[in-house]
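What follows is a single structure, written as structure tokens, with notes after it.
What you see is a predicted model; the values in this text were computed from it and never measured. In what follows, every chain begins at residue 1, and chains take the letters A, B, ... in the order their sequences are listed.
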There are 2 protein chains.
Amino acid sequence: MSLLSNAKTIKIKPVREIVYEQLRQAIVGGELEPGTRFTDGEIASEFNISRTPVREAIQKLEAEGLIERVPMRGNVVKGLLPKDVAQIFALRKALECLAVKYVAMNATEKELKNVRHILDQAKTYMTTLQGEALTDAYVPLVARYNKEMFEASHAPKIVDLIWNHREMLDRYRVVRVVIAKRMDESYRTREQMYSYFVSRSPEEASALWGNHIDKSYKIWLEVTGYSDQIGKHDYM
Amino acid sequence: MSLLSNAKTIKIKPVREIVYEQLRQAIVGGELEPGTRFTDGEIASEFNISRTPVREAIQKLEAEGLIERVPMRGNVVKGLLPKDVAQIFALRKALECLAVKYVAMNATEKELKNVRHILDQAKTYMTTLQGEALTDAYVPLVARYNKEMFEASHAPKIVDLIWNHREMLDRYRVVRVVIAKRMDESYRTREQMYSYFVSRSPEEASALWGNHIDKSYKIWLEVTGYSDQIGKHDYM
DNA sequence: AAGTGGTCTAGACCACTGT
DNA sequence: CAGTGGTCTAGACCACTTC
């Protein structure tokens, strides 16, 4: 009840959306570990709601591949094998390289200015802050940069796919580690990307971004120590 | 009622699935033209079922981007602008080029044999049939080839995305036209692809397939006459 | 045979529309 | 302030599992 009335004061947010977001957060945040089983009924009584909106939320999660509906056994949180992560990285590379080509060709002057502004702010941080404080300030800025950049592609379907697959990797919370390790390079890469956008050079932008993702993947391999569990043909 | 009992004799196919498939077919088949509006209730009484399964079907269609739920106006069949089609072609190129790299590296001997077998059959048709009869025999064979090929990538998530986006283009029923126009080239391309698979040459396979999709796109442009409505930056 | 999980129905309720 | 559309509830029912 408290949850329901809460939702209504915050304003018309369908219950299924709340359930969906909560469950999703629990899964990608690592609270619900892979293999965990639950039924529609359990969730329903946990939230004190009926099963219909829960079903709808769960169907959405299933469509996204976060859970699996096993006949007569309930819903199972799907895990990502190292091999899956490698393939998702490869997919991200394909999608994001395409998207940045669109950015180089389609971004408006206004959008480019936005990106420029974020870079300027990053530069300020780089010269005035250090250590943890710098990381804390820089990480969200990178998130903003990425968001603005991809949206400037004017290819919404592709951008949706990109966010979807980026979020799948959130489970491994490796983003922060990767950025912290290479903050300087991260900044220089994005400056260079910006200059390719300004000069309307799609191929160069794509190549640079592909390189960037290759490096992120390598760092992920190092950090997680999965190198030996992954075939050399899982990332392309 | 007749529909329900029918479904039950055919064996446990959830009603929402039936509704989903029927609606989807109606949309991609062109029966329901873009802009058509309908409500959950209408569909429910048309099928003589309650609204819950209809809602579930419609949510799935919405997630796929085939319809749009407009507040207080019902569900609207979304149309694809020429620009959207161009971007879907570009997306297909990115996804499929990645997938064929995986095929070249991951396909098992057995899978390669399957593909070989399909090619042999195609060759037979090419030498024994002509005109419409040849097209009728060849088109489904190409579909089988593609299916077997992509599945041999052992990258199920990527393959799902590919089918999803290929189906979006079914609305324009251009596949048959494209194939008929270039049956010979289509066959030779697939033979060449096969040889790259056998020699485990991912980059070559990817490049050839990319070229293949470029050509399909060009033919689509010609056939539909949309060339002038599409910016040169919508396909990359 | 009892129990659990999955699906569908019927209907209530509320928010927003248009007069 | 009636009407329509969208969402949720409660509960029935059936299929499959397990004992």
Side-chain angles (χ1 to χ4, degrees), chain A residues 1-24 27 32 35-78, chain B residues 1-24 27 32 35-78:
Chain A
M1 289 298 150
S2 70
L3 194 148
L4 258 174
S5 51
N6 193 13
K8 274 180 186 155
T9 52
I10 300 230
K11 221 64 181 179
I12 40 135
K13 195 171 225 179
V15 178
R16 65 162 182 284
E17 284 293 323
I18 301 174
V19 175
Y20 166 76
E21 282 163 19
Q22 296 265 337
L23 283 179
R24 184 187 175 93
I27 294 171
L32 284 176
T36 311
R37 279 172 37 185
F38 58 91
T39 65
D40 305 8
E42 287 170 45
I43 308 294
S45 50
E46 203 164 312
F47 283 79
N48 278 311
I49 57 176
S50 82
R51 288 158 66 199
T52 305
V54 176
R55 276 170 58 72
E56 293 176 344
I58 287 177
Q59 278 166 18
K60 205 167 165 190
L61 291 170
E62 190 199 15
E64 275 182 66
L66 284 171
I67 66 170
E68 202 178 346
R69 310 198 74 166
V70 185
M72 293 300 113
R73 309 237 114 217
N75 313 289
V76 185
V77 178
K78 272 216 235 176
Chain B
M1 289 301 151
S2 70
L3 194 147
L4 256 174
S5 51
N6 193 12
K8 275 181 187 157
T9 52
I10 303 236
K11 221 62 180 178
I12 39 137
K13 196 171 226 180
V15 178
R16 65 160 182 284
E17 284 293 323
I18 301 174
V19 176
Y20 166 75
E21 282 163 19
Q22 296 265 337
L23 284 180
R24 184 188 174 92
I27 294 171
L32 284 177
T36 312
R37 279 172 36 184
F38 58 91
T39 65
D40 304 8
E42 287 171 45
I43 307 294
S45 48
E46 202 164 311
F47 283 79
N48 278 311
I49 56 176
S50 81
R51 289 158 65 199
T52 306
V54 176
R55 276 169 58 73
E56 293 177 344
I58 288 178
Q59 277 166 20
K60 205 167 164 189
L61 290 170
E62 190 199 15
E64 274 182 66
L66 284 170
I67 66 171
E68 203 179 347
R69 311 199 75 167
V70 185
M72 294 299 114
R73 306 237 117 217
N75 312 289
V76 185
V77 178
K78 271 216 237 177

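- As a whole-Å value, the separation of A/Gln59 CD from D/dC8 P is 13 Å.
- Side chain of B/Asp40, nearest nucleotide from D/dC8, C/dT7, D/dG6: D/dG6.
- Applying the salt bridge (Lys or Arg N to Asp or Glu O under 4.0 Å) test to every pair with at least one member in residues 40-50 of chain A, sequence neighbours left out, gives these pairs: A/Asp40-A/Arg69.
- With rounding to whole Å, A/Glu42 atom CD is found 10 Å from C/dG6 atom P.
- The minimum heavy-atom distance between B/Val19 and B/Ala57, with the atom names listed, is CG1-CB, 3.8 Å.
- For the pair B/Leu66 and B/Ile27, the tightest heavy-atom approach, listed with the atom from each and the gap, is CD2-CG2, 4.2 Å.
- Closest to the side chain of A/Arg55, out of C/dC8, C/dG5, D/dC8, is C/dC8.
- The pair A/Glu17-A/Lys60 counts as a salt bridge, with a side-chain nitrogen and a carboxylate oxygen less than 4.0 angstrom apart.
- The side chain to side chain donor-acceptor pair (under 3.5 Å) test applied to B/Arg55 returns A/Glu56, not counting sequence neighbours.
- Distance A/Glu17 CD to D/dC8 P: 9 Å, rounded to the nearest Å.
- Annotation for B/Ile49 and B/Val54: closest pair CD1-CG2, 3.7 Å, computed over non-hydrogen atoms.
- Atom CZ in B/Phe47 sits about 17 Å away from atom C1' in C/dT9, given to the nearest Å.
- Looking at residues 60-77 of chain B, you'll see B/Met72, B/Arg73 sit with a heavy atom under 4.0 Å from some atom of DNA chain C.
- Between B/Thr39 and B/Gly74, the shortest heavy-atom distance links the atoms CG2-CA, 4.4 Å.
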Measure all distances between protein nitrogen or oxygen atoms and nitrogen or oxygen atoms of nucleotides 10-13 of chain D, and list the pairs falling under 3.5 Å.
none

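- For B/Ile58 and D/dT7, the CD1 to P distance is 11 Å, given to the nearest whole Å.
- Partners of B/Arg24 under the side chain to side chain donor-acceptor pair (under 3.5 Å) rule, at least two apart in sequence or in another chain, are B/Tyr20, B/Glu64, B/Glu167.
- What separates CZ of A/Arg37 from C1' of C/dG6 is a distance of 14 Å, to the nearest Å.
- For A/Lys78, there are no side chain to side chain donor-acceptor pair (under 3.5 Å) partners at least two apart in sequence or on another chain.
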